[in-house]
Structure formats: structure tokens, C-alpha cells
Amino acid sequence: MTDDRHPRAQRAFDREALRAHAIDLHKRNFNCAQCVACTLAPFVRIDADTAFRAAEGLGGGFGGFSETCGALAGAAMVAGLANSAGYHDPTSKADTYALSASMVTRFRERVGATRCADIKENECHGALLPCDECIAIGLDLAIDMLESMPRR
């Protein structure tokens, strides 16, 4: 029997199909956070519309301010949805922060930055990566995180 905090134990991740879905959402004008959160919504017990609405303000580097990459923000949102003990038991924050921190570190290692403006426009070399690649990386990091969580 699986703990309902960890529903991904019930499904395998088809990374190629999930990546294709996330990139298709981006082509449909979803922001980078929505692409990651909506793609993984079924694995963290929320519907895609709720994920879409919750991630809407995270796009464009948080409300268009070009701060933290939306793909990374969406991955952190997935970490909270997957790991949180919930409203009535606020004891899981430290563990969720650790999951998010690990994704931030790994994203920075792979992309070279976490700030949307730095990723999109590097003074010396132009863009570090296009949004679709950041979405694929954010999605992969979130899936890695989900797979690494203990199956209960």
C-alpha cells in the first residue's frame, strides 16, 4: 500500500512523453512554471487546471520580473505538493526546502544560472538556453525528486 502523499509510486514516468507534453503546453502559450506543474499535476494529486492557476503568477521570472526561472519555480511547486504534510501539519517545510534547494543547485549546475533574465540574455554570449530546454530540465529535476522520495 502506498502513502497518498507519494502517489507517484503508483505510476512510472515516461520522461519522453512528459517532456513532449510540457513543450506542447509551452507552444500553447503556457508559462514555464505552468508547463512543469501542469505536466506533473497527476503525480501530485491535483488537477491540471488547479496547477495552471497556481503557477500563473510564477511565469516570466515571477510576474514578468525576470527573477527565478519559471521552470524551476514550477519544479519547486511540485516539491511542495509532493512532500507537504498539509495545512494542519506544518512540519514538512524543512524537508521540502531541502528538496527545492537540491533542484536549485542542480538547475544552476546544468543551466549556468537560475534567474530568468540571466538565462535569457547573457551579455557575453546571448541566451544561455531557450525556455523549452529550461522546461525540460525543470521537469527532469522534478521527476528525479519524485523518484527519489521514499515509497511508503
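Just so we're clear, the structure is a prediction, and the values are computed from it rather than from any experiment.
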Margin query: Using side chain to side chain contact (heavy atoms under 4.5 Å, CB included), reason through Cys131 and His26 one step at a time and then give a plain yes or no.
Written below: CA-CA 9 Å; Cys131 290; His26 196 239; 3.6 Å; yes
Next item on the list: Determine, stepwise, if the pair Leu146 / Val44 fulfils side chain to side chain contact (heavy atoms under 4.5 Å, CB included).
Entry: CA-CA 9 Å; Leu146 292 171; Val44 291; 4.1 Å; yes
Note to self: Using the rule given for side chain to side chain contact (heavy atoms under 4.5 Å, CB included), can you reason through Arg45 versus Leu81, listing the C-alpha separation, both sets of side-chain angles and the distance that settles it, and then say yes or no?
What the structure shows: CA-CA 8 Å; Arg45 300 173 326 277; Leu81 289 164; over 6 Å; no
Margin query: Working note: Thr68 + Arg115, criterion side chain to side chain contact (heavy atoms under 4.5 Å, CB included); need CA distance, chi angles, decisive distance, verdict.
Written below: CA-CA 4 Å; Thr68 301; Arg115 197 169 158 266; over 6 Å; no
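Of all the heavy atoms in Met103 and Ala75, the pair that sits closest is CE-O, 3.3 Å. Nearest heavy-atom pair across Val78 and Ala142 is CG1-CB, 4.4 Å. Listed here is the closest heavy atom pair of Ala37 and Met77: CB-CE, 3.8 Å. Across Thr96 and Gly80, no two heavy atoms sit closer than the pair CG2-CA, 3.6 Å. Of all heavy-atom pairs spanning Cys134 and Ile119, the tightest one is SG-CG2, 3.6 Å. When every heavy atom of Leu141 is checked against every heavy atom of Arg106, the shortest pair comes out as CD2-CZ, 3.4 Å.
Each of Phe30 and Phe62 belongs to its own hydrophobic cluster when Ile, Leu, Val, Met, Phe, Trp and Tyr are linked at side-chain heavy-atom distances under 4.5 angstrom. Both Ile137 and Leu99 sit in one connected hydrophobic cluster of ILVMFWY residues. Membership requires side-chain heavy atoms under 4.5 Å apart, directly or through other members.
A distance of 10.5 Å separates CG in Leu58 from CG in Leu72, rounded to the nearest 0.5 Å. Distance CG/Leu139 to CG/Leu18: 6.0 Å, rounded to 0.5 Å. Expressed to the nearest 0.5 Å, how far CD1 of Ile46 lies from CZ of Phe52 amounts to 12.5 Å. To the nearest 0.5 Å, atom SG of residue Cys35 and atom CZ of residue Arg19 are 14.0 Å apart. Separation of atoms OG (Ser148) and CD1 (Ile143) is listed at 12.0 Å; rounding is to 0.5 Å. Remark: His21 NE2 to Glu16 CD distance equals 15.0 Å, nearest 0.5 Å.
At distances below 3.5 Å, at least one donor-acceptor pair connects side-chain atoms of Gln34 with backbone N or O atoms of Asn31.
Under the 30°/60° scheme for interplanar angles, the aromatic rings of Phe43 and Phe13 are found to be tilted.
The closest side-chain donor-acceptor pair between Asp95 and Ser92, if any, does not fall under 3.5 angstrom.
When the shell of 6.0 Å around CG of Asp49 is examined, it contains more than 12 heavy atoms from other residues, nucleotides or ligands.
Every residue two or more places apart in sequence or in another chain was checked for a ring-ring contact (aromatic ring centres under 6.0 Å, His included) with Phe107, and none qualifies. Shown here are the side chain to side chain donor-acceptor pair (under 3.5 Å) partners of Arg15, two or more places apart in sequence or in another chain: Asp140, Asp144, Glu147.
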